[in-house]
4 protein chains.
Amino acid sequence: MPKDTFMNLPFEKQSLILDVAIKEFHDKGYDLASISSIVEKAQIAKGSFYQYFEGKDDLFKHIVVIINDKKTQFAHPVILTFDQLNFFDWFKKMLFATFEFLKSYPVLAKISVDFWKHSSTHTKERILGEEMNRTHEFLTVFIEKAVQKNELRNDISIEYLARYISSQLAFFNDYLLETYDDLTLVSEKNLEKIITTFLSILEHGTKNHS
Amino acid sequence: MPKDTFMNLPFEKQSLILDVAIKEFHDKGYDLASISSIVEKAQIAKGSFYQYFEGKDDLFKHIVVIINDKKTQFAHPVILTFDQLNFFDWFKKMLFATFEFLKSYPVLAKISVDFWKHSSTHTKERILGEEMNRTHEFLTVFIEKAVQKNELRNDISIEYLARYISSQLAFFNDYLLETYDDLTLVSEKNLEKIITTFLSILEHGTKNHS
Amino acid sequence: MPKDTFMNLPFEKQSLILDVAIKEFHDKGYDLASISSIVEKAQIAKGSFYQYFEGKDDLFKHIVVIINDKKTQFAHPVILTFDQLNFFDWFKKMLFATFEFLKSYPVLAKISVDFWKHSSTHTKERILGEEMNRTHEFLTVFIEKAVQKNELRNDISIEYLARYISSQLAFFNDYLLETYDDLTLVSEKNLEKIITTFLSILEHGTKNHS
Amino acid sequence: MPKDTFMNLPFEKQSLILDVAIKEFHDKGYDLASISSIVEKAQIAKGSFYQYFEGKDDLFKHIVVIINDKKTQFAHPVILTFDQLNFFDWFKKMLFATFEFLKSYPVLAKISVDFWKHSSTHTKERILGEEMNRTHEFLTVFIEKAVQKNELRNDISIEYLARYISSQLAFFNDYLLETYDDLTLVSEKNLEKIITTFLSILEHGTKNHS
DNA sequence: TATGAATGAGTATTCATTCAT
DNA sequence: TATGAATGAATACTCATTCAT
């Protein structure tokens with residue numbers, strides 16, 4: 001939650017500051033990212049920074065919120081279709097949406113992934129607060145429904161299923177980010193193939209065969 | 001690769017220094033771990049430290065090597081049985097071995113997991129160098145054999161399979177470390193159940209059904 | 001000496017600003033009191049503050065003037081009775097008036113006492129200017145008269161006597177402020193006893209015995 | 001309690017650092033004294049300073065200890081004579097000793113007085129710890145004895161007497177420091193006169209007349 | 001080889017004040 | 001007159017590393 005002073009800034013200045021900050025967090029990770037470096041690159045006075053944000057935590061939190069907003073933009077339309085589709089068809093659409101997000105905001109994706117992976121639970125809670133377990137909780141809800149519809153195995157606890165599928169989603173992220181330097185170069189066909197392979201394993205592993 | 005001066009130290013002094021360093025990396029993570037803090041706790045002179053190791057990177061790298069050695073101790077006997085077993089039976093034994101490692105060296109495990117998760121690819125490469133992809137490469141060999149024996153699906157590239165199974169192994173690590181504060185308290189029966197569930201998904205997802 | 005812009009402000013706004021400032025100086029002392037904190041709490045713009053006052057010094061000086069005004073309110077009626085009373089009887093009334101001031105404005109009293117005690121002579125002079133030695137000068141006049149009336153020892157220089165009695169007044173302040181958290185709880189009887197003791201020492205020490 | 005690193009420094013370097021620090025605290029008071037300024041003037045690296053002392057508090061505390069040591073040097077021989085003398089004769093010797101201390105270390109005296117006067121009780125306790133109430137407690141002991149010997153009034157509580165006499169001692173300090181720029185210029189005769197006057201008031205005010 | 005003092009750039013954050021609107 | 005964004009020097013303190021002994 002940046003201060004009003006930041007929100008009142010001309011859009012371009014906000015953008016510049018955020019871009020610089022995002023690059024900093026991306027390059028160095030949360031702990032090593034430096035406010036001094038950010039203000040220098042953004043050409044603003046140190047004092048100004050502290051009139052925009054409460055401090056490092058506040059800035060980072062704001063960026064996390066932005067990331068979540070972007071993600072939501074891609075995921076939201078797909079989420080709405082859940083009731084009309086089989087779980088795995090729906091999940092496939094989620095993967096395409098995820099890909100689109102990664103392609104559009106690879107840097108944001110990396111920040112998110114890095115922070116998520118590293119950082120003590122303590123740090124995460126301090127900075128993210130309730131923002132924390134969103135993805136996981138949201139997935140749990142849908143998985144629960146899918147189990148009830150007999151689309152997912154019911155011999156495994158929902159909690160475990162949710163963790164597994166979350167981890168798979170993270171794997172999907174990682175795989176794409178590490179395999180391709182520039183996701184815009186991934187052809188439609190190639191993407192289709194990757195997703196099919198991914199889903200094939202997931203489906204065999206988790207669908208209800210009874 | 002510590003310098004000779006370190007290797008020539010009496011075993012107990014080496015041990016002390018490494019124990020202190022391991023605790024530091026465990027508690028604070030790579031970035032925040034402090035050499036000053038380590039030398040103070042280990043009761044050695046700052047200058048001495050730099051006569052033992054090139055610096056922070058070097059020390060950490062050495063610890064990673066130690067971790068890998070410990071892991072290997074547990075994994076080695078199992079690896080030897082590969083030819084006598086079905087891939088999934090063999091993998092099950094690997095999971096038990098992994099569990100034993102985690103139970104015996106939870107602190108080392110956490111360091112490894114944390115560093116692996118966090119840290120830019122760039123940092124990882126700088127510090128780990130060739131130590132980096134060991135697990136992955138080693139798994140690849142066995143997966144390849146299993147595919148040849150028609151125990152694993154052959155409609156998916158070996159490389160992809162290896163990545164998937166690596167990620168699953170990491171998930172297994174995580175799951176155990178995050179779910180249980182003290183792995184010595186996990187009953188034989190409970191462990192069996194966790195591993196069975198885990199394997200069930202993996203097997204359904206990846207075995208050759210033809 | 002605040003600027004006209006401040007004096008033209010509606011009374012309530014002036015009050016609010018001064019109350020906040022007084023609290024700040026009371027809580028943190030002169031050096032650590034922060035303008036930023038004051039303007040924030042008083043809900044005025046930073047720029048406005050500098051249109052009301054020259055700066056921190058100016059604001060503090062103004063508060064000192066206010067404090068002196070309050071003190072005078074209590075002391076003035078007593079001062080007028082000087083000619084009708086013996087010096088020590090008169091001084092006793094001054095002590096009661098002092099007590100009433102402390103009881104009514106403990107916060108103002110603390111600011112005054114703290115600043116007076118701390119702060120280099122240099123700082124005091126810079127900030128208080130001529131406001132500085134008022135109490136002392138005013139006491140000197142009355143002491144001089146008392147010496148002429150043979151009520152105070154004449155074997156000690158008037159200047160020294162004035163300093164001594166000033167210091168005793170400060171001691172009286174201190175004693176009350178440090179001994180009691182809330183002066184409104186001091187009973188009439190108790191107060192009488194304190195003042196009597198205090199005066200007894202003073203009188204024995206300074207009255208003309210000849 | 002400076003660290004060993006400081007104590008191991010050559011005497012002249014220790015002296016230089018302390019002199020600079022003492023001057024800084026003298027000129028600006030505790031709150032405004034700046035470590036940056038000290039290290040710059042003493043020509044040492046910032047990092048070095050923190051290898052000598054824990055921080056600002058630690059440095060200041062050390063200086064307070066030094067001050068107390070110096071004071072004790074002057075007071076100690078006099079204290080020993082207490083049993084052989086009348087209270088007021090003994091106190092007179094204490095005043096002479098006090099004067100010698102002020103003359104020899106006027107800067108140290110000012111630091112002590114300033115800190116003592118200013119600073120919240122909270123700050124004092126944090127920094128001084130048990131060093132705090134020494135003077136006061138020590139005086140109380142002697143006053144108690146003097147009351148038992150019927151040399152001081154017994155119609156006033158010992159606690160109050162101790163506070164009063166403490167404050168008188170502080171007044172004596174102040175008077176000398178503010179009246180004379182250079183105490184080495186005060187003649188023997190003049191000093192005798194000042195002390196006599198001071199004692200005359202004190203004695204009349206507090207001695208047992210019965 | 002062992003030591004530990006020296007280094008100075010680095011950190012996040014706060015400050016009183018100015019000035020364009 | 002009122003505003004509040006901009007400023008940059010200031011603060012205490014930590015860091016990994018070097019180097020003379």
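Chain letters run A, B, ... following the sequence lines, proteins first, then strands; residues in each count from 1.
No side-chain heavy atom of B:His62 sits under 4.5 Å from any side-chain heavy atom of B:Met1.
When the side chain to side chain contact (heavy atoms under 4.5 Å, CB included) test is applied to D:Lys70, the partners found at least two apart in sequence or on another chain are D:Ile66, D:Gln73, D:Phe101, D:Tyr105, D:Leu108. Applying the side chain to side chain contact (heavy atoms under 4.5 Å, CB included) criterion to A:Gln14, with sequence neighbours excluded, gives A:Phe6, A:Met7, A:Leu9. Listed by chain and residue number, B:Lys23 satisfy the salt bridge (Lys or Arg N to Asp or Glu O under 4.0 Å) test with B:Asp27 (two or more places apart in sequence, or in another chain). Under the side-chain hydrogen bond (donor to acceptor under 3.5 Å, both in side chains) criterion, B:Lys110 pairs with B:Asp114, not counting sequence neighbours.
In this structure, CD of C:Glu40 is placed 15 Å from P of F:dT3, rounded to the nearest angstrom. Rounded to whole angstrom, the span from the CD atom of C:Gln14 across to the C1' atom of F:dA2 amounts to 16 Å.
B:Leu59 comes within contact range of no nucleotide atom at all, as no heavy-atom separation falls under 4.0 Å.
Between A:Lys13 and F:dA6 there is a side-chain polar atom (N or O) within less than 4.0 angstrom of OP1 or OP2.
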Checklist entry - What one-letter contact string describes nucleotides 14-21 of chain E from 5' to 3', where B marks a base within less than 4.0 Å of any protein heavy atom, S marks contact via sugar-phosphate atoms alone, and - marks no contact? => result BSBBBB--
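Closest to the A:Ala45 side chain, of the nucleotides F:dA2, F:dT7, E:dA2, is F:dT7.
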Checklist entry - Would you write out the dot-bracket form of DNA chain E, 5' to 3', with Watson-Crick and G-U pairs under 3.5 Å, [ ] for crossing pairs, | for pairs to other strands and . for unpaired bases? => result .||||||||||||||||||||
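Pairs of residues two or more places apart, or lying in two chains, never qualify as salt bridge (charged side-chain N to carboxylate O under 4.0 Å, His left out) while including a residue from residues 2-21 of chain D.
Sequence order on DNA chain F of the closest nucleotides to A:Ile44 and C:Tyr52 puts C:Tyr52 first from the 5' end.
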Output a table of donor-acceptor pairs, distance under 3.5 Å, between side-chain atoms of residues 38-52 of chain C and any protein atom two or more places apart or on a different chain; print 'none' if there are none.
{"residue": "C:Lys41", "atom": "NZ", "partner": "C:Glu24", "partner atom": "OE1", "Å": "3.3"}
{"residue": "C:Lys41", "atom": "NZ", "partner": "C:Ser37", "partner atom": "OG", "Å": "3.0"}
{"residue": "C:Lys46", "atom": "NZ", "partner": "C:Ser36", "partner atom": "OG", "Å": "3.3"}

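A side-chain donor from one of D:Tyr30 and D:Asp57 sits under 3.5 Å from a side-chain acceptor of the other.
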